[in-house]
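Data first, discussion second: the structure below is written as structure tokens.
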Amino acid sequence: MTGYVLDDTLIDAFGHGSDNVARMIASMDARQIRMSVPAITLAVAQAVLSDEQCDEIDGVVDRLEHLQLAGLSGTEQVTELSRVIGALDDLKDIAAAHTVYVAATFDWPVITLDRSRWDLVRARLPWSLELVELSAPETE
């Protein structure tokens with residue numbers, strides 16, 4: 001079954017009130033499309049948000065049936081994540097590393113608002129990372 005991994009650009013935009021991101025998440029949940037939010041990525045994105053913004057994001061993650069929080073539940077998963085971090089070499093982007101790990105684990109693409117956010121990460125990975133970029137709706 002296919003799904004999508006939400007990256008930190010989406011979490012940040014949602015936290016800042018993006019209607020486009022909120023509609024996308026609600027629409028995907030309503031259509032029973034599975035989504036995952038990596039816990040470390042969520043924590044990094046929320047580090048710059050207010051308590052109210054974090055509460056709103058947490059509420060959505062906790063309540064939507066088809067949106068799951070992807071944590072680390074054992075040493076094997078921690079070791080696999082450490083391999084992704086190692087592949088990123090000196091680019092210690094832990095949010096990206098956990099997103100990549102979850103995407104590889106589920107074999108799902110990553111949804112992002114900014115494809116260029118992933119340029120350095122993709123250049124250092126020894127495997128491909130599928131990205132889907134959510135673009136802003138055109139205005140007339």
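For this chain, numbers begin at 1 and follow the sequence in order.
- Listed by chain and number, the residues in a side-chain contact (heavy atoms from CB on, under 4.5 Å) with Ala22 are Phe14 (sequence neighbours excluded).
- Residue Ile57 comes nearest to Gly15 through the heavy atom pair CD1-CA, 3.8 Å, listed as atom of the first residue, atom of the second, then distance.
- Here CZ of Arg23 is found 10.0 Å from CG of Leu134. Values are rounded to the nearest 0.5 Å.
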Point to revise | Evaluation steps, side-chain contact (heavy atoms from CB on, under 4.5 Å), between Tyr101 and Leu72 | key: CA-CA 10 Å; Tyr101 167 74; Leu72 299 171; 3.9 Å; yes
Exercise for review: With side-chain contact (heavy atoms from CB on, under 4.5 Å) as the test, would you mind laying out the steps for Thr105 and Gln77 before giving the verdict?
Suggested key: CA-CA 10 Å; Thr105 299; Gln77 290 181 344; over 6 Å; no
Listing, residues 59-66 side-chain donor-acceptor contacts under 3.5 Å, not counting sequence neighbours, or none:
from	atom 1	to	atom 2	distance (Å)
Arg63	NH1	Gly59	O	3.4
His66	ND1	Asp29	O	3.2
His66	ND1	Asp29	OD1	3.1

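- Between the side chain of Gln53 and the backbone N or O of Leu49, no donor-acceptor pair lies under 3.5 Å.
- Of the possible donor and acceptor atoms, one in the side chain of Ser82 sits under 3.5 Å from a partner among the backbone N and O of Thr79.
- Counting only heavy atoms from C-beta outward, the side chains of Ile111 and Asp7 never approach each other to under 4.5 Å.
- In this structure, the side chain of Ser18 does not engage the main chain of Ala13 through any donor-acceptor pair within 3.5 Å.
- Partner of Thr112 under the side-chain hydrogen bond (donor to acceptor under 3.5 Å, both in side chains) criterion, out of Thr9, Asp8, Thr99: Thr9 alone.
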Practice item. Give the intermediate values and the outcome of side-chain contact (heavy atoms from CB on, under 4.5 Å) for residues Met35 and Trp108. Key: CA-CA 9 Å; Met35 298 168 280; Trp108 291 352; 5.8 Å; no
Sequence neighbours excluded and cut-off under 3.5 Å, please list the side-chain donor-acceptor pairs for residues 123-133, or say none.
from	atom 1	to	atom 2	distance (Å)
Arg124	NH1	Leu88	O	3.4
Arg124	NH1	Asp90	OD1	2.7
Glu133	OE2	Arg115	N	3.3

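- Rounded to the nearest 0.5 angstrom, Tyr4 OH and Met28 CE are separated by 6.0 Å.
- For the residue pair Ala70 and His98, the shortest heavy atom distance occurs at O-CE1, 3.1 Å.
- To the nearest 0.5 Å, atoms CG (Leu42) and CG (Leu6) are separated by 10.0 Å.
- Side chain of His16 to backbone of Asp12: a donor-acceptor contact under 3.5 angstrom is found.
- Smallest separation of non-hydrogen atoms from Ala95 and Thr41: O-OG1, 2.7 Å.
- Sorted pairs that involve residues 40-55 and meet salt bridge (charged side-chain N to carboxylate O under 4.0 Å, His left out), not counting sequence neighbours, are lacking altogether.
- Under the rule for a side chain to side chain donor-acceptor pair (under 3.5 Å), Glu80 has no partner lying at least two apart in sequence or in another chain.
- Considering CG of Asn20 and CG of Leu113, their distance stands at 8.5 Å, rounded to 0.5 Å.
- Put simply, CZ on Phe106 and OG on Ser36 are 5.0 Å apart, with the number rounded to the nearest 0.5 Å.
- Screening residues 91-111 for salt bridge (charged side-chain N to carboxylate O under 4.0 Å, His left out), with sequence neighbours left out, gives Asp93-Arg117.
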